[in-house]
Novice: 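Mind having a look at this structure? Questions to follow.
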Protein chains: 2
Amino acid sequence: MTHPVAGGKTREGKGNCSDCALRQTLICSDVSRSDLATFHSWVDDLAFPPGTVLYHMEAPADGFYCLRSGTVKLVRYSMSGVARIVRILKGGDVAGLEAAFADTFAHTAVAVGEVRACRIPLSRFRHMMRDNPPLQRRLLEKSQQALAEVETWLAELAGGIGAAPARQRLARLLLSLRDGRSDRIHRFSIEDLGGMLGISMETASRILSDLTRQGFLEKCGSGRAERHFRADIAALEKIAVGEAVPA
Amino acid sequence: MTHPVAGGKTREGKGNCSDCALRQTLICSDVSRSDLATFHSWVDDLAFPPGTVLYHMEAPADGFYCLRSGTVKLVRYSMSGVARIVRILKGGDVAGLEAAFADTFAHTAVAVGEVRACRIPLSRFRHMMRDNPPLQRRLLEKSQQALAEVETWLAELAGGIGAAPARQRLARLLLSLRDGRSDRIHRFSIEDLGGMLGISMETASRILSDLTRQGFLEKCGSGRAERHFRADIAALEKIAVGEAVPA
DNA sequence: CGCTAGCTTGAGAGAGTTCAAGAATCGTGG
DNA sequence: CCACGATTCTTGAACTCTCTCAAGCTAGCG
């Protein structure tokens, strides 16, 4: 039975780790079956409606989150108050792991669509990690993966010299937001797209309209449900590397 | 006795881990004293002259490096061939750890000044890591630290909307390159400074000249030796947050 | 059916790029 | 020790991409 708790998030109850669809992927795959019983007794399974904040930057951190489903954006705010998105998390990713070493979060985590995540309290976690090498290895792997992502983000998506013009970078971003190998692309708000590339909402909108007019992109879905693009992948790939593409 | 080997790097001989000045800081601090004997038998202690490449992006990775002293820049080249610096490593940092999970390096590592580093072959390392939780924990910590650094880099130093104007960002960068709490700042080439901020060499130069003219910065040292700035930290700090500063 | 949040579009201004020389500086060899 | 060639850095001027500000527009939602 679902009931709402503070901040709009919803407690689904204690996690049922042994049934978790992500038991293979998620960090809990490194918890032995016998430990699992006690493990999930202190893991909260939470649901976050779109727009909810999982945690705030600078806030004292006493736990982190394993995403079961949905998408989360990690945001940093510049002194001028503009939001810059530094990373996108999907199911199977870990949010707020920095909590394990610093005592405050490095960014604000916001649910983009409906999100389900397990909250793992730090106190218990530290204890558990000490004598669980596979779990540590798994986390190191996740951390390295995140590192690789941000570096790519910085090198290929962020602006600056040598960086492609906005149109090219937007094409790259869209491709990286692609759903598997399909032609579906997760449709973020125009503002979020700007926040990821470091361009203004207006510029993002202009380019997007342009791409749509040329028939490379089609807006599908409406309301909160299933918003996405249907894209001409081949065309986007050409634009992404700077080739001129005929409509 | 030092003799040169391929690529200009120099083999100093097998590492003497028990004497290493960084035994407390570096990852080897998690190798037990008894293991140390066999450990350092397969660790190479290398010296790299300025400008040497430790490893290339995309190259097959079979080991990684622990920096003992000196500075290394991690570079990515955009399709247009422009170098973008994604991270700066100093003594105690680990370079190329991604090798442990991917089989190719994520960037090119270049020695900025004279660099000394221990090369740790992957095969041995994997074996060693398996049953050494403290070492894993240490590496996870390093990885998280690197992640935090890149994210800050992206949010505060990279260009784009909401980002500060180049002058402000350069001031921040210089402060982050400061040597401890002194007024000395490691002096990178004008091209490298551009590469870090994603601005052109010309823009970097203009701003730097300006800062020098205003007396906030003084170029010291010459040749390859000891190039550095002597800076008016207080002034730079004001510029970094966007305050107007009188000369 | 109207309201609000999100998106689109236009026009002008500015920060930073490019291209093109010129000035320093380095270290090398006579 | 000084002269020379090669980097590396500086400076100027024109140009361009993207930002800003300011309206309109659209579409979901109550």
Side-chain angles (χ1 to χ4, degrees), chain A residues 49-51 78 80-84 112-113 157-171 173 187-214 217-229 239 242, chain B residues 49-51 78 80-84 112-113 157-171 173 187-214 217-229 239 242:
Chain A
S78 70
S80 45
V82 181
R84 179 94 193 215
V112 174
L157 262 26
I161 204 193
R167 185 186 167 85
Q168 225 173 105
R169 277 153 49 210
L170 182 51
L173 176 59
R187 183 162 152 217
F188 282 87
S189 78
I190 214 77
E191 196 154 18
D192 280 349
L193 290 173
M196 296 188 225
L197 293 174
I199 61 180
S200 71
M201 186 178 75
E202 291 92 329
T203 303
S205 171
R206 271 184 254 271
I207 300 174
L208 225 45
S209 312
D210 213 47
L211 255 24
T212 308
R213 259 189 298 270
Q214 289 180 73
L217 229 46
E218 190 189 353
K219 285 168 193 149
C220 302
S222 79
R224 281 277 160 263
E226 280 303 302
R227 280 167 53 110
H228 65 278
F229 292 115
I239 296 173
Chain B
S78 71
S80 45
V82 180
R84 180 95 195 215
V112 174
L157 260 27
I161 205 194
R167 184 187 168 85
Q168 224 172 107
R169 277 154 49 211
L170 182 52
L173 176 59
R187 183 163 152 218
F188 281 87
S189 77
I190 214 78
E191 195 155 19
D192 281 350
L193 290 173
M196 297 189 225
L197 294 175
I199 62 181
S200 71
M201 187 179 76
E202 291 91 331
T203 304
S205 172
R206 272 184 253 270
I207 300 174
L208 226 45
S209 311
D210 213 47
L211 254 26
T212 307
R213 260 189 297 271
Q214 289 179 73
L217 228 47
E218 190 190 351
K219 287 168 193 149
C220 303
S222 80
R224 282 277 158 264
E226 280 302 304
R227 280 167 53 109
H228 65 277
F229 292 115
I239 296 172

Novice: So if I take every side-chain heavy atom of A/Arg213 and compare against C/dT9, C/dC7, C/dT17, which nucleotide ends up nearest?
Specialist: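 So the side chain of A/Arg213 is nearest to C/dT9.
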Novice: Out of the candidates A/Ile239, A/Ile199, A/Leu208, only one should pair with A/Leu170 under the side chain to side chain contact (heavy atoms under 4.5 Å, CB included) rule; please name it.
Specialist: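 Of the listed residues A/Ile239, A/Ile199, A/Leu208, the side chain to side chain contact (heavy atoms under 4.5 Å, CB included) partner of A/Leu170 is A/Leu208.
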Novice: Measure from CE on B/Met201 to P on D/dT10 and round the result to the nearest Å.
Specialist: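 From B/Met201 CE to D/dT10 P: 9 Å.
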Novice: Using a 4.5 Å cut-off on heavy atoms from C-beta on, say whether the side chain of B/Ile190 contacts that of B/Glu202.
Specialist: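 The answer is no; the side chains never approach within 4.5 Å.
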Novice: Return yes if the base of C/dG10 and the side-chain atoms of A/Arg206 contain a donor-acceptor N/O pair under 3.5 Å, otherwise no.
Specialist: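 Such a pair is found, so the answer is yes.
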Novice: Of the nucleotides D/dT10, C/dC7, D/dG12, which one has an atom closest to the side chain of A/Ser189?
Specialist: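 Of D/dT10, C/dC7, D/dG12, C/dC7 is nearest to the side chain of A/Ser189.
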Novice: Rounded to the nearest Å, what distance is computed from the CG atom of residue B/Leu197 to the C1' atom of nucleotide C/dA15?
Specialist: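 In whole Å, C/dA15 C1' and B/Leu197 CG are 15 Å from each other.
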Novice: Name the residue closer to the 5' end of DNA chain D, choosing between A/Gly198 and B/Ser209 according to the nucleotide with the nearest heavy atom.
Specialist: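 Residue closer to the 5' terminus by nearest nucleotide: B/Ser209.
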Novice: In whole angstrom, what separates B/Ile199's CD1 from C/dG14's P?
Specialist: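 Checked: the CD1 to P distance equals 20 Å.
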Novice: Are any of the side-chain heavy atoms of A/Met201 and B/Ile161 separated by less than 4.5 Å?
Specialist: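 No, too far: nothing below the 4.5 Å cut-off.
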Novice: To the nearest 0.5 Å, how far apart are CG in B/Leu217 and CD1 in B/Ile207?
Specialist: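 These two atoms lie 11.5 Å from each other.
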Novice: Please determine, for the side chain of B/Arg169, which listed nucleotide (D/dT20, C/dT18, C/dG16) has the closest atom?
Specialist: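 Looking only at heavy atoms from C-beta outward on B/Arg169, the closest nucleotide is C/dG16.
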Novice: Should A/Ser205 be listed as having a side-chain N or O under 4.0 Å from OP1 or OP2 of C/dC7?
Specialist: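 Indeed not, no polar side-chain atom of A/Ser205 lies that close.
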Novice: Measure from the side-chain heavy atoms of A/Glu202 and tell me the nearest of D/dT10, C/dT17, C/dT9.
Specialist: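 Looking only at side-chain atoms, A/Glu202 lies closest to C/dT9.
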Novice: Closer than 4.0 Å, any side-chain N/O of A/Arg227 to the OP1 or OP2 of D/dA27?
Specialist: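 False: A/Arg227 side-chain N/O out of range (4.0 Å or more) of D/dA27 OP1/OP2.
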Novice: Write down the distance between CG (B/Leu170) and P (C/dA15), rounded to a whole number of angstrom.
Specialist: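 My rounded result for the distance is 16 Å.
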Novice: Starting at CG of A/Leu208 and ending at P of C/dG6, how long is that distance when rounded to a whole Å?
Specialist: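 About 16 Å, once rounded to whole Å.
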Novice: Among D/dT20, D/dT18, C/dT8, which nucleotide has an atom closest to any side-chain atom of A/Lys219?
Specialist: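 The listed nucleotide nearest to A/Lys219's side chain is C/dT8.
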Novice: Whole Å only: how far is the CZ atom of B/Phe188 from the P atom of D/dT7?
Specialist: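 In whole Å, D/dT7 P lies 22 Å from B/Phe188 CZ.
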Novice: Hey, does the side chain of B/Thr203 come within less than 4.0 Å of C/dA15's phosphate (OP1/OP2), counting only N and O?
Specialist: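 Indeed not, no polar side-chain atom of B/Thr203 lies that close.
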Novice: For a quick check under 3.5 Å, do A/Thr212 and A/Ser209 share a side-chain donor-acceptor pair by atom type?
Specialist: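 Side-chain D/A pair, A/Thr212 to A/Ser209: absent.
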Novice: Atom CD1 of B/Ile161 and atom P of C/dA15: how far apart are they, to the nearest Å?
Specialist: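 B/Ile161 atom CD1 is separated from C/dA15 atom P by 15 Å.
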Novice: Can you check the B/Ile207 CD1 to D/dT11 P distance for me, whole Å?
Specialist: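 B/Ile207 atom CD1 is separated from D/dT11 atom P by 13 Å.
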